[in-house]
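One structure is given here, and the rest of the page talks about it.
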Amino acid sequence: MLLNIINRRLFLGLLLLLPDLAFADQLNQANTAWVLTSTALVLFMTIPGLSLFYAGLVRSKNVLSVLMQCFAITCLVSILWLAGVYSFIFADGGELQKLIGGASKAFLPGIGVESLKGDIPETVFFMFQMTFAIITPALIVGGFAERMKFSAMLWFSGLWLIVVYLPICHWMWGGGWLADLGAMDFAGGIVIHVNAGVAALVSALVLGKRKGFPNTAMPPHNMTMVVTGAGMLWVGWFGFNAGSALTADGHAGMAMLVTHIGAASGALTWMFIEWKRFSKPSVLGIVTGMVAGLGTITPASGFVGPFGALVIGVTAGVVCFYATQYVKRILKIDDSLDVFSVHGVGGVTGSLLTGVFAASGLGGLGLAEGVSIMEQVSVQALAIVVTAAWSGLFSFLILKCLDKWIGLRVTSDEEVQGLDTVLHEETGYLDL
């Protein structure tokens, strides 16, 4: 009698578990929860993180213009992503798959609550990747801050997303030819930082210098806002890198750990260099070094261990510091917020070092079987060159076409007055 009761309870328990067991092979709730969280963190990087960081760095007469640009880019990219950018990156492109995806997922037909991408809902994957697409053109804002028309910024951001970001992202993450070559870019060192950094440099060159640069001092108008935004970027970056594991496991944990080490070591390195060179450590220096460390560890975050992260972060602090000095003081290029020097140079540095410190002998998770460090670095270099060339060429062409069509830059008088008033008829601060 007792045995029958036990057997009956076991049988009922198994019946209750059957739906979960069947569903567990499809949807992983832990992974879904983590990617949902990461999606919010990455969006948090752009609004409010990057928005506040950039807005504090510009002069007070342009603070609202930068906030507006980041906010508007978020909205614009979201709609374009739905309309087809996502599809042409991640849908099957058939015979053209190595170069471009297909149109089958434009506006997400047939994708509902039960549609999966791997073991997470495709809607969650769609949103997660959207946040990456949002922050990339938003980064470029720092290259032309304080002098581009709002209308030109919107057209440039939309066209750049389609012509530049879409193909490069597909080549690397959508099953394209760079992925087939074995290029390693865990969370966007090439797709995002090299890509946006080069576009920002081209934008700065095409638009020309701000009125008064480099003889007129243009310090950040609100360092409190800069540090607030930088702190949000640091926190949000965990979603950026650890979220790219798409799993709630040790891979995500290691990615989070190395991201933090890269940020901390980059920040301290920049601070100490500046301290030695200028006698005082600056707040601007330590937060810029943090961003450099984060951007540089990004491509490597899913492949290296803590030792590799430490070396990459220190290298980022050194290389990006001197790149900033060289671009602005020697070349006198007015990349307003140092996007190329920090993100572009950092992305290149981190992507190359990924091929080194991913090796298991240096504490990494290991290279592909039969691939040497030199072979991997060569593939990384090829991916960097291709990305820089594509981004540079088409960013230039888009800007030149827009300049002829609607004009890129506000007038000299409007620039002196400030973009907040000229473009938006608002001011960031009331005169009391």
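What's counted below: heavy atoms across the whole structure, side chains too, no hydrogens, waters or symmetry copies. Numbers for residues simply follow the sequence, beginning at 1.
- For Arg147 against Asp334, the heavy-atom pair with the smallest separation is NH2-O, 2.7 Å.
- Of the possible polar contacts, one joining the Gln97 side chain to the Gly174 backbone as a donor-acceptor pair under 3.5 Å is found.
- Side chain of Asp185 to main chain of Gly189: a donor-acceptor pair is present (N/O by atom type, distance under 3.5 Å, no hydrogens or angles).
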Given the rule in the side chain to side chain contact (heavy atoms under 4.5 Å, CB included) test, do Ile73 and Met153 qualify, once you have shown the distances and angles that lead to the verdict?
-> CA-CA 9 Å; Ile73 285 172; Met153 182 280 303; 3.7 Å; yes

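- Ser51 is not listed as a side-chain neighbour of Val66, based on a closest heavy-atom distance of 4.5 Å or more.
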Yes or no on side chain to side chain contact (heavy atoms under 4.5 Å, CB included) for Tyr86 and Leu108, after CA distance, side-chain angles and deciding distance?
-> CA-CA 9 Å; Tyr86 169 78; Leu108 301 184; 4.0 Å; yes

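- Heavy atoms from other residues, nucleotides or ligands lying under 6.0 Å from CH2 of Trp155 number 12 at most.
- Put simply, CZ on Phe128 and CG on Leu246 are 6.0 Å apart, with the number rounded to the nearest 0.5 Å.
- Put simply, CD1 on Ile312 and OG on Ser351 are 9.5 Å apart, with the number rounded to the nearest 0.5 Å.
- No donor-acceptor pair under 3.5 Å is formed between the side chain of Glu426 and the backbone N or O of Thr421.
- Panel note: side chain Asn241, backbone Ala255; no donor-acceptor pair is recorded below 3.5 Å.
- Ring pair Phe240/Phe132: centre-to-centre distance below 6.0 Å.
- Between the side chains of Ser395 and Trp160, at least one donor-acceptor pair of N or O atoms lies under 3.5 Å.
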So Phe125 and Phe90, ring-ring contact (aromatic ring centres under 6.0 Å, His included) or not? Walk me through it.
-> CA-CA 10 Å; Phe125 181 78; Phe90 293 106; 5.1 Å; yes

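- Taking CH2 from Trp405 and OG from Ser151, the interatomic distance works out to 8.5 Å, rounded to the nearest 0.5 Å.
- With respect to the salt-bridge test (charged N to carboxylate O, under 4.0 angstrom), the residues Asp335 and Lys328 do not qualify.
- A ring-centre distance under 6.0 Å is not found for Phe357 and Phe303.
- Considering only heavy atoms from C-beta on, Leu139 comes within 4.5 Å of Tyr54 through its side chain.
- No side-chain donor-acceptor contact under 3.5 Å links Glu146 to the backbone of Val63.
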Evaluate the side chain to side chain contact (heavy atoms under 4.5 Å, CB included) criterion for residues Ile333 and Phe340: first the C-alpha distance (whole Å), next the side-chain angles of each, then the deciding distance (0.1 Å), finally the verdict.
-> CA-CA 10 Å; Ile333 297 173; Phe340 175 74; over 6 Å; no

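- Thr288 places a side-chain heavy atom less than 4.5 Å from the side chain of Leu284.
- Residues Met254 and Pro306 approach most closely at SD-CD, 3.9 Å, considering heavy atoms.
- A side-chain donor-acceptor contact under 3.5 Å links Ser87 to the backbone of Lys105.
- Counting heavy atoms from C-beta outward, Ile330 and Gln325 have side chains that stay 4.5 Å or more apart.
- At most 12 heavy atoms of other shown residues, nucleotides or ligands fall within 6.0 angstrom of atom CZ in Phe396.
- Within a 6.0 Å radius of CZ in Phe150, other residues, nucleotides and ligands contribute more than 12 heavy atoms.
- Looking at every heavy atom in both residues, Ser341 comes nearest to Val327 through OG-CG2, 3.5 Å.
- Closest approach of Val194 and Val348 over heavy atoms only: CG2-N, 3.5 Å.
- Checking Ser391 against Asn195 by side-chain atom types alone, a donor-acceptor pair falls below 3.5 Å.
- In summary, the side chains of Glu274 and Ser282 do present a donor paired with an acceptor at a separation below 3.5 Å, with no hydrogens or angles considered.
- Phe156 and Ser203 make their closest contact through CZ-OG, 4.0 Å (heavy atoms, listed as atom of the first residue, atom of the second, distance).
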Take Asn28 and Ile120, measure what side chain to side chain contact (heavy atoms under 4.5 Å, CB included) needs, and give me the verdict at the end.
-> CA-CA 6 Å; Asn28 187 302; Ile120 65 174; 5.7 Å; no

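- Met45 is not listed as a side-chain neighbour of Leu50, based on a closest heavy-atom distance of 4.5 Å or more.
- Residues Leu116 and Leu27 have side chains in contact (heavy-atom distance under 4.5 Å, counting atoms from C-beta outward).
- Across Asp420 and Ser60, no two heavy atoms sit closer than the pair OD2-O, 3.5 Å.
- Counting only heavy atoms from C-beta outward, the side chains of His260 and Phe238 approach each other to under 4.5 Å.
- In this structure, the side chain of Trp34 engages the main chain of Ala242 through a donor-acceptor pair within 3.5 Å.
- Counting heavy atoms from C-beta outward, Val318 and Thr269 have side chains that approach closer than 4.5 Å.
- Heavy-atom neighbours of His424 NE2 from other residues, nucleotides or ligands within 6.0 Å: above the threshold of 12.
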Check against ring-ring contact (aromatic ring centres under 6.0 Å, His included), His193 and Trp237 = CA-CA 13 Å; His193 295 287; Trp237 223 289; 5.6 Å; yes

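- Annotation: the span from Lys149 atom NZ to Thr411 atom OG1 amounts to 9.0 Å, rounded to 0.5 Å.
- The one candidate from Arg409, Lys61, Arg210 that meets the side chain to side chain donor-acceptor pair (under 3.5 Å) condition with Glu415 is Arg409.
- For the residue pair His221 / Tyr429, a side-chain donor-acceptor distance below 3.5 Å is found, with atom types taken as modelled.
- Distance check: Thr123 OG1 to Ile111 CD1 gives 8.5 Å after rounding to the nearest 0.5 Å.
- In this structure, Trp390 has its ring center closer than 6.0 angstrom to the ring center of Trp171.
- Between atom CZ of residue Phe144 and atom CG of residue Leu399 there is a gap of 8.5 Å, rounded to the nearest 0.5 Å.
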